[in-house]
Every structure is written in structure tokens, then in C-alpha cells.
Amino acid sequence: MSVEHLVVVGASLAGLRAVEAARKAGFDGRITLVGAEEHLPYDRPPLSKAFLEGDRLDGAPEIPLFRSGETFRHELDVHLMLGEPATALDPERKVVCVGQREVAYDALVLATGATARDLPGTQGLDGVHTLRTVDDAVAVRAALEGGARTVVVGAGFIGSEVAATARKRGLDVTVVETLPTPLQAAVGRTMGEICSSLHTRNATGLRCGVSVDSVEGRARVERVVLSDGSVLDADLVVVGIGAAPSTGWLAGSGLVVDDGIHCDATLWTGVEGVYAAGDVARWYNPLFDRAMRLEHWTSAAEQGARAARNALDPPTARSYSTVPYFWSDWYGSRIQFVGVADADELVIVDADPDPGSRCVALYRAGDAVAGAMTINAPTEIMKYRGMIAKRASWRDALSFAESRRAVAGVS
Amino acid sequence: MKVVVDYGKCTGLGICESLAPDVFEVNDDGELELKQSSVPEGQLEDVEAAVEGCPTEALRLEPDDSSADTE
Ligand SMILES: Cc1cc2nc3c(=O)[nH]c(=O)nc-3n(C[C@H](O)[C@H](O)[C@H](O)COP(=O)(O)OP(=O)(O)OC[C@H]3O[C@@H](n4cnc5c(N)ncnc54)[C@H](O)[C@@H]3O)c2cc1C
Ligand code: SF4
């Protein structure tokens, strides 16, 4: 093992965990962390949740930083290069270009994450925001504070969370979604319909099956015109139509990039010394026997740590397998999902008469349980994550669900 | 080793439970309960994964004999 300089590109969750894992593994060489944003690494999930809420007594919330600059410099002994993106990678010479500088590495972890997709034709119009960075969140928060009539484009997790916080502030909100239900790609249609009831019962306008034709206004946004001809007046438009992996800077590097940086099960890119982690990585997940790219907190954190350990000592590299997990908080309800949703069958195994207030659903793939989703059933969800990890059969999952219902029935 | 939870940080996401179900369980109200506070034989790696996997950094491992528990 002859790594003297570990370079990590992307100073967010996966990058941070890479740095920390390297030190934890006893690596005492140099570490450089390169980040495009000016900010120290910070946590993104709060940006569409607590950060936007209005019930704080102490004014604007702080940036949810993971670690202080002090910790990076002293405890972790990391050289921080923040505020400028890496622009090129030359794996032959083992250098990364950052501005005019070249940073030579022995081992490299790529953790550049993803970038929010813009709504075409809205550039330069004030009041239209994506929500990926803390700067985005500050702008959205200020608009909410000002009582903006809000239109959210895209009923995915982030858009739905923004709608929920705007409603909590008592603002008028409409969510526009091209597909027939919210979250359809992530959880399937049936569960998407149940999720839509969370919006409608909280008096959020929900317009599914229509798309945005144009966003109009002079300097600021004034209205959103939909494909069915209807018009929504708006002071704030939040665009939550997904994110694309930040790989543009790798053009010409020889890495295989196609909706993410392609990696094997050990997060290795196939190029000597170069590993990838987090939202930017498309890796082979042995547990599901397929390549995946996740945009979830848990896997980004774990992959960051695993990629760094593997990069420092390739001969002992271990593969990373996981049952995908994400959560989302809407109107005080917690939605949790484990596994994969592209299944052969969906069964709601437990639900209140109104499934939007509590339910447990299982997804079948072949004769195994492949996924589970809960709304307000936090004690149920992780038991299924364990079952999916052990490739439990569908029959076992159903009978387990049966036994859980019996327990709930007596208590 | 024993597990210490900072309940001011924990939001009941349950990642810890999926990694070490003999130690952690989120209850029906979404609150984390420790089924046992000392790490069971042979499960240190799982519990360490749980400590690292917690998004709110609410978990910590301490040696059993530590008497100075200030938090
Ligand atoms: C608003 C919001 C809410 C979320 N809520 C949840 C949730 O509830 N549950 C959940 O599981 N997940 C959630 N997520 C997803 C989760 O935050 C991500 O999966 C996680 O941030 C991924 O971490 P990462 O380090 O891989 O990438 P990112 O966090 O995207 O970080 C990548 C970093 O690399 C930098 N970068 C990009 N290109 C370059 C370059 N060329 N050179 C240098 N630096 C570069 C970027 O500026 C960025 O700082 C949410 C995300 C957002 C945006
Ligand atoms: S993973 Fe962390 S936040 Fe989640 S329940 Fe466990 S301790 Fe609490």
C-alpha cells in the first residue's frame, strides 16, 4: 500500500465520509478535499424540511454544517480546496485540474453528487428556484417568509416536502406533476395515489397529469401556464424535477460515464486508483444483482466510507451492497421506503381505514420480498429492510406481516 | 462496549435498527428504544455500522467502565 496522497473531489456527505473513513482506517498521508461550493460540507435533507420552516424564534436558521473548519484542519488534517470545481481528470498522469492548478493523487474518490435539473426557459427569471444547495434553500426560505403564492413543479420527495412546509406557513400552494400521481417512479402508482391524499387533505392544490407550458413574468415570475391551458398565479416557483449526476467535468477522462460513473461492486471505476461514491456513482449492487445509482443519504454516506477504504488498499477491497432506504417528511407524516419498487405485485398488508394516515405495503419480485413502504409506521419498516437483505421469501414476508398485525391487534 | 443515544439528535429514522436489530428498535411512536445497552457478543461490527450510519449522528460507543457520562 503506497498511497501518500488521497484526493477527494466533491465536498459533501460522501466526500466527508471518505475523508473520515480514511483517517479512521489509520491513513496518515495527505488528504485534499476539493469542493465546488464555498461552504464547508453541509447536510442536505434538512434544506427541504426544518430549514424552510417558519416557527423559529431565533430568525434565520444556520447552515447545517457537518463539521467545523477547525475539525477539518486539525482533527482530520485535511487540506480544503473550496469554492472552485475540478474541471478535468487525467488518469494517465494521475492529476485533477482545479482552476489553474493541478492536484496530483495516488488514490482518488469522486463524490461530485448530482445537480438539480432546471425547468427549460426559466433562466434569468427571479423567483424560480431549484432546491439542491444551501444557497437555493436560503432563497426559497426568503420567498416563503415573504408570503409567496407558491407553485411546486414536480411531486417528488423534495417538491412535496417544500409544499408541506409552505402549507405549514399557511401559504397557498399548488403542486404540478406530469405523471398521474406523486412519487410514481419511486414508489409505484398505488402508493403514489395514497401519497397524493396527504397533499389534498392538507389543502395543497395537486394538478397531476399536466405539464408546465411556460413560466411567465417580466423580471420576476408572475404566473405558470399549464399544458391544459390553465394559469396559476405565482410569486415563487420551486422546481423539483430530479437531479442529474455531476459528471460533465469527466469528459475525455476515459471513465465510463452514463447516468453516473460506472463502478464495480467495490466502487472501483476500472481506472487505477479511482473510485466513486454517492449520488454520482452507478455501481453494481450484489444484493439485487444489478447496477444502481441512488440519490439517498444512507448509501451516499456508506459508499463514501467504503470507496475511501478500498482506494487506500485495493487488494483488500470489499464490495458494497445495500438495501436502498429513504425517508421523507410531509405534513408531519413520515414516509419510509426500503428496497426497490419496480415489482411484480404490491400488497398493502396493514392500513388504517384511511391509508394516508398509516399503512404498510410490501413489493414482490418473483417469489421474494423486494421492497416495503410505510406511512407513519416507523416500527415496521426496518424489520422488512432486514428481511430484504436476507432475501426472505414473499411467503415469509407476508406471514411476518400477519404476525405483526396480530401483535398490534392485542396491544 | 455500551451504546449511548443522544435523544436530542435522534429522529427515529431507524437505520440503526436495520443494521443491528438486537440492539435498536424504533417504537410505534417513532422513538428509538435500546433493547440492550451493551453490545452483544460478536455484534460490534454491526453496532459500529449503526453508529456510522445514523444520519443525525445520535449514536456513540463508550467503554463499559466509563463513569463520566456527562451528556
Ligand atoms: C433538498 C434535499 C432533500 C433531501 N432529503 C433527503 C431525505 O429526506 N432522505 C434521503 O435519503 N436523502 C435525501 N436527499 C438526498 C441526499 O441529500 C443525497 O443523497 C446526498 O446529499 C448525496 O451526497 P453526495 O455527497 O453523493 O452528493 P452531493 O450532496 O450532491 O454533493 C456533491 C458535492 O460535490 C460538489 N461538486 C460537484 N461537481 C464538482 C466538481 N467538478 N468539483 C468539485 N466539487 C464538485 C457539489 O458542489 C456538491 O457540494 C435530499 C437531497 C436534497 C437536495
Ligand atoms: S439511525 Fe440515528 S436517528 Fe435513526 S433511529 Fe437510529 S439513532 Fe435515531
Side-chain angles (χ1 to χ4, degrees), chain A residues 13 16-17 20-21 24 43-46 49-50 64 66-67 296-306 309 318 320 322-329 332-339 350 358 360 372 374-390 404 407-408 411, chain B residues 1-66 68-71:
Chain A
L13 174 61
L16 167 74
R17 290 305 176 94
E20 289 186 330
K24 239 182 151 178
D43 203 17
R44 294 183 204 277
K49 306 177 180 77
F66 285 117
R67 302 286 177 268
H296 302 157
W297 196 101
T298 312
S299 41
E302 292 173 347
Q303 288 179 353
R306 178 50 45 214
R309 290 198 178 101
R318 279 168 48 187
Y320 175 71
T322 193
V323 178
Y325 167 59
F326 63 77
W327 75 94
S328 190
D329 298 324
S333 285
R334 174 157 284 177
I335 296 171
Q336 289 169 291
F337 187 94
V338 295
D350 191 6
R358 182 183 179 280
V360 180
T374 58
I375 300 175
N376 294 327
T379 194
E380 304 301 323
I381 188 76
M382 287 303 171
K383 301 183 169 70
Y384 294 104
R385 192 174 192 222
M387 295 188 91
I388 296 165
K390 292 193 197 97
R404 294 293 302 172
V407 171
S411 67
Chain B
M1 296 292 266
K2 72 172 197 250
V3 180
V4 181
V5 185
D6 180 343
Y7 284 100
K9 289 183 178 168
C10 171
T11 56
L13 287 165
I15 290 160
C16 51
E17 178 179 345
S18 72
L19 296 166
D22 292 341
V23 176
F24 305 99
E25 183 172 24
V26 177
N27 68 19
D28 243 334
D29 299 324
E31 287 154 8
L32 177 64
E33 290 175 4
L34 288 182
K35 294 162 107 177
Q36 52 193 83
S37 65
S38 58
V39 178
E41 279 285 308
Q43 294 198 18
L44 185 59
E45 207 175 312
D46 294 346
V47 176
E48 277 176 348
V51 171
E52 273 185 36
C54 170
T56 63
E57 306 191 330
L59 298 175
R60 208 148 42 87
L61 275 173
E62 276 184 2
D64 279 322
D65 51 327
S66 105
D69 198 6
T70 46
E71 273 164 65

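The sequence lines fix the lettering, A, B, ..., with proteins before strands; numbering per chain opens at 1.
- Heavy-atom proximity under 4.5 angstrom to chain A picks out Glu45(B), Glu52(B), Gly53(B) from residues 43-53 of chain B.
- For Cys54(B), the part lying under 4.5 angstrom from a heavy atom of chain A is the backbone only.
- Two residues are said to be in side-chain contact when any heavy atoms from C-beta on lie closer than 4.5 Å; Met382(A) and Leu19(B) fail this criterion.
- Among Val26(B), Asp29(B), Leu13(B), the residue with the largest count of heavy-atom pairs under 4.5 Å with chain A is Leu13(B).
- In terms of non-hydrogen atom pairs under 4.5 Å with chain B, the most contact-rich of Arg334(A), Gln336(A), Arg385(A) is Arg334(A).
- The stretch residues 30-41 of chain B places Gly30(B) near chain A, each with some heavy atom under 4.5 Å from a heavy atom of that chain.
- Scanning both residues, Pro378(A) and Asn27(B), for their nearest heavy atoms gives CG-O, 3.6 Å.
- In this structure, chain A has heavy atoms under 4.5 Å from both the backbone and the side chain of Thr11(B).
- Only the side chain of Lys24(A) comes within contact range of chain B, judged by heavy atoms closer than 4.5 Å.
- From Ile15(B), atom CD1 reaches atom CD of Glu302(A) across 7.5 Å, with rounding to the nearest 0.5 Å.
- Of the two parts of Pro55(B), the backbone and the side chain both hold a non-hydrogen atom closer than 4.5 Å to a non-hydrogen atom of chain A.
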